[in-house]
2 protein chains.
Amino acid sequence: MTEATTQPDRDDVAGVGPQSAMPVGDSVGIICGGGSFPAAVASAVVRSGRRPVMFGIRGWADTAIVEHYAHHWIALGQLGRFVRLAAAEHCQDVLLIGTLLRPPLRHIRLDWQTLRAMPRIVRHFRGGDDRLLSGVVELLEEHGLRVIGVKDVAPQITMPSGVLGRHQPSARDRADIALAFELIATLGPFDVGQAAIIADNHVLAIEAAEGTDNLLARIAALREQSRVTTPRGVGVLVKAPKPAQDRRFDLPAIGPQTVAGVARAGLAGIAVAAGETIVADAAAAIEAADRARIFLVGVGQERRR
Amino acid sequence: MTEATTQPDRDDVAGVGPQSAMPVGDSVGIICGGGSFPAAVASAVVRSGRRPVMFGIRGWADTAIVEHYAHHWIALGQLGRFVRLAAAEHCQDVLLIGTLLRPPLRHIRLDWQTLRAMPRIVRHFRGGDDRLLSGVVELLEEHGLRVIGVKDVAPQITMPSGVLGRHQPSARDRADIALAFELIATLGPFDVGQAAIIADNHVLAIEAAEGTDNLLARIAALREQSRVTTPRGVGVLVKAPKPAQDRRFDLPAIGPQTVAGVARAGLAGIAVAAGETIVADAAAAIEAADRARIFLVGVGQERRR
């Protein structure tokens with residue numbers, strides 16, 4: 001049994017020339033998980049003059065977002081199918097974006113290429129998310145694809161350094177922010193903890209499998225039960241990539257929904273790693289933050305240690 | 001303004017003699033927070049031949065538990081009143097036990113002794129729980145009281161080393177247990193994380209302000225939402241004192257309710273620090289664990305590194 005080859009001649013692609021407005025050789029394959037971030041990335045890719053080709057992961061990706069552009073649907077586990085389609089679409093650069101929770105095994109459809117890689121995938125699957133994703137990237141690169149990151153193709157949707165919007169962190173907020181970055185860095189070897197909530201020097205919550213929205217909802221609930229008693233307007237949500245995290249994918253992300261969650265949790269603001277965090281729908285996020293009197297700050301690497 | 005002194009002559013106390021069945025000099029003051037652990041400690045104190053005097057913290061302690069023994073009610077902040085009552089009851093040894101969440105300021109009643117200590121209390125209050133509790137202990141000791149721990153007075157209610165009940169951890173469980181103890185030790189400097197849940201090498205949850213029951217409920221909920229997809233019967237709850245934690249109080253605790261939560265979360269079992277974890281209602285906990293096919297294991301210090 002061999003793979004059918006639909007791989008086009010690379011010379012044909014190059015022949016289109018890099019100067020045309022939307023050269024097919026300048027296509028970017030976007031493997032889309034759930035949530036709105038794939039839309040933000042695709043639109044940034046278009047603005048940068050390249051052509052997005054969406055590869056929606058069935059069961060996760062948003063149909064409207066995927067089908068707004070040239071697209072294909074793939075199931076998890078269809079490595080061979082994806083590699084063939086990416087080649088046919090002239091996507092040498094591919095990018096993974098969007099929510100993709102550790103999938104239940106029953107959702108996975110295995111094709112021949114994936115079956116061959118199974119022993120390695122299983123090994124990666126037993127580790128944390130970082131290891132799983134590194135395994136996938138390694139497999140894609142062995143098939144001649146180049147896995148790029150949001151920063152490479154759409155730097156404008158990552159958080160800049162400094163304050164966005166009208167509100168500033170206080171000195172106490174800044175101390176909480178520094179402690180949270182330190183906590184996240186310390187948790188790195190355990191492949192966990194992209195986010196933490198600290199209020200007045202007291203660690204209220206550390207993110208693991210629950211995701212940031214749940215993390216924030218927990219603080220709102222604990223406050224109602226008087227299990228969190230710091231006054232409203234004290235405390236920060238901090239998000240940062242895990243130290244070992246491959247920056248090409250799975251960047252932390254915030255958006256208007258994060259701001260709403262922070263407001264409900266009664267915190268003072270949000271701090272994220274500048275340049276390494278996606279801000280989805282930045283205008284709406286800033287407007288919501290200004291209205292809720294919440295600060296938004298990007299902290300550069302040099303100031304996180 | 002001076003404190004009225006109700007302190008009895010210590011010689012009178014000593015005169016009762018240390019050999020009588022329940023000498024007043026052998027009284028133990030038990031400062032009771034919420035939950036059932038104060039009852040377990042008081043009954044162990046009686047079995048050890050000493051006399052428990054309950055100091056129920058208003059708003060937290062269970063009335064039936066407190067009033068089953070010689071008792072007084074105190075409010076948080078009544079340091080002077082507590083010191084006087086402890087002296088009148090001949091309790092030189094005092095012990096703090098039970099749930100006492102970081103209280104909202106409006107629940108605190110300040111007396112003169114406490115007011116004088118306020119600047120220090122406020123300083124401690126800004127840190128994590130360990131620092132707050134160390135501050136309280138320091139204050140009590142300055143008033144001539146000796147703060148003792150559950151291990152000193154009721155070692156029989158702490159977890160022994162080894163397996164309790166019928167079920168054994170697998171090799172995979174043991175690997176998860178080792179990783180969780182390491183994670184908890186790493187979090188020590190942040191004064192957070194007495195518990196973690198790890199399944200097949202993947203960190204699912206880290207406890208901060210929410211408490212263990214909420215931690216377990218979260219995993220059950222995430223499983224229903226398919227955000228936790230490890231099979232049922234895989235994964236461990238691990239509890240251990242934070243490395244910097246004063247072992248005289250605030251020991252981690254498990255009981256039948258913890259077993260029920262672990263069963264609902266679909267985990268394989270529970271591992272705790274042997275000798276440094278209270279097991280409330282051990283017989284019922286073991287029976288529930290056996291029925292739910294859950295293991296219970298105490299891990300000695302030497303095997304936790």
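Residue numbers start from 1 in every chain, and the chains themselves are labelled A, B, ... in the order their sequence lines are given, proteins ahead of strands.
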Which portion of [X] sits near chain B, non-hydrogen atoms under 4.5 angstrom:
{"X": "A:Leu204", "value": "both"}
{"X": "A:Ile198", "value": "neither"}
{"X": "A:Glu207", "value": "neither"}

* To do: Identify which of B:Leu183, B:Ile219, B:Leu222, B:Ile197 forms the greatest number of heavy-atom pairs closer than 4.5 Å to chain A.
  => B:Leu183
* To do: Find out whether A:Leu187 and B:Val203 are in side-chain contact, i.e. whether some heavy atom of one side chain is under 4.5 Å from a heavy atom of the other.
  => no
* Asked: Got more than 12 heavy atoms from elsewhere within 6.0 Å of CZ, A:Arg293?
  -> no
* To the nearest 0.5 Å, what is the distance between CZ (A:Arg218) and CG (B:Leu215)? -> 7.5 Å
